[in-house]
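What follows is one structure encoded as structure tokens, with my remarks underneath.
All of these numbers come straight from a predicted model, not from anything done at the bench.
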Amino acid sequence: METHDCNASQNIIPEVSNLAIYVPNFITEQEELEIIKHVNNAPLPKWTQLSHRRLQNWGGIPHPKGMIAEEIPSWLKKYVDKVSSLNVFEKGKLPNHVLINEYLPGQGIMAHTDGPLFYPIVTTINCGSHTFLDFYKRLDNSQPQQLNLEFSLLLERRSLLILQKDLYHHYLHSIAERDTDVISKSVVKNLTLCGEQYSEGQILKRDTRLSLTIRHVPKTSKLKLKIG
């Protein structure tokens with residue numbers, strides 16, 4: 001399968017204004033397999049185990065006092081550069097960090113924002129499985145379970161999603177903990193841009209998914225070793 005020839009402006013999700021860009025088949029099947037192989041072959045200490053999923057940080061671990069920058073390995077830098085080439089990041093704010101999350105079927109993540117540690121653009125490459133990313137309007141002092149679903153995006157295998165502006169600042173996003181997703185054309189706003197055709201009520205079964213979230217951490221420092 002060939003990758004999508006991406007002009008980011010042609011992939012703006014119409015119903016979400018210019019706040020989200022969706023690119024189907026951003027990477028090839030071979031590249032997807034290569035990513036999965038490298039992630040799964042990473043040494044065990046590279047994984048951080050959370051209660052509902054596990055993850056890897058590449059480029060450093062973001063921290064309010066500044067991320068100690070580490071070199072991103074060449075197999076991963078290839079995809080960071082591919083995202084950078086779309087020119088969605090400003091000059092001097094190119095991506096320098098990759099968060100890789102592994103989601104088994106039935107696993108998800110509660111409603112959240114990516115917060116001030118990152119430059120307010122988030123780009124995500126999806127491997128291994130589709131998922132639904134759900135969006136909620138951010139409400140002050142509101143618990144996630146009290147929020148009303150505004151819309152969802154279908155993230156297909158090998159796709160790229162770019163979120164920016166108000167979607168970054170004023171919306172929460174989450175992934176529901178379930179094994180399957182059901183297509184609803186009134187809820188899923190990017191179906192016209194998807195690589196496959198979907199019908200109302202169609203059930204999609206989840207598999208193990210890897211998400212590569214590629215971002216810019218503005219505050220970085222180099223490791224200074226104190227000797228003696």
Flag side-chain contact, heavy atom, 4.5 Å: [X] against [Y]:
X	Y	result
Pro62	Asn57	yes
Glu102	Arg53	no
Cys127	Ile125	yes
Ile35	Tyr79	yes
Pro105	Thr208	yes
Phe151	Glu15	no
Ile162	Leu86	yes
Ile100	His38	no

### Query
What's the verdict on side chain to side chain contact (heavy atoms under 4.5 Å, CB included) for Ile183 and Leu191, showing C-alpha distance, side-chain angles and the deciding distance?
CA-CA 9 Å; Ile183 296 293; Leu191 291 176; 4.0 Å; yes
For atom [atom1] of [X], decide whether the heavy atoms of other residues, nucleotides or ligands shown that lie under 6.0 angstrom number more than 12.
X	atom1	result
Lys46	NZ	yes
His112	NE2	yes
Glu200	CD	yes
Ile61	CD1	no

### Note: Glu32-Arg158 ion pair, threshold 4.0 Å (strictly below)
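A salt bridge links Glu32 with Arg158.
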### Message
Among Glu90, His97, Gln164, which residue satisfies the side-chain hydrogen bond (donor to acceptor under 3.5 Å, both in side chains) criterion with Tyr119?
### Response
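It is Glu90, the one option of Glu90, His97, Gln164 that forms the side-chain hydrogen bond (donor to acceptor under 3.5 Å, both in side chains) with Tyr119.
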#### Entry: Evaluation steps, side chain to side chain contact (heavy atoms under 4.5 Å, CB included), between Glu31 and Lys82
CA-CA 12 Å; Glu31 287 173 325; Lys82 189 169 184 175; 3.7 Å; yes
Please say yes or no: joined through hydrophobic side-chain contacts below 4.5 Å, possibly via intermediate residues, are [X] and [Y] part of one cluster?
X	Y	value
Leu204	Val182	no
Leu161	Phe132	no
Val188	Leu153	no
Ile121	Val80	yes
Val88	Leu99	no

### Task
Test side chain to side chain contact (heavy atoms under 4.5 Å, CB included) on Phe89 and Leu94 and set out the steps.
CA-CA 6 Å; Phe89 288 87; Leu94 294 178; 4.3 Å; yes
### Query
After noting the C-alpha distance and the side-chain angles of Ile175 and Arg209, does the key distance pass the side chain to side chain contact (heavy atoms under 4.5 Å, CB included) rule?
CA-CA 12 Å; Ile175 296 171; Arg209 172 177 173 261; 3.5 Å; yes
### Task
For the residue pair Tyr171 and Phe135, categorise the inter-ring angle as parallel (less than 30°), tilted (30 to 60°) or perpendicular (more than 60°).
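Rings of Tyr171 and Phe135: perpendicular, over 60°.
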### Task
Look at the rings of Trp75 and Trp58 and say which category their plane angle falls in: under 30° parallel, 30 to 60° tilted, over 60° perpendicular.
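Perpendicular: the ring planes of Trp75 and Trp58 meet at over 60°.
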### Query
When you measure from the side chain of Lys93 to the backbone N and O of Pro218, does any donor-acceptor pair fall under 3.5 Å?
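Between the backbone of Pro218 and the side chain of Lys93 there is no qualifying donor-acceptor contact (under 3.5 Å).
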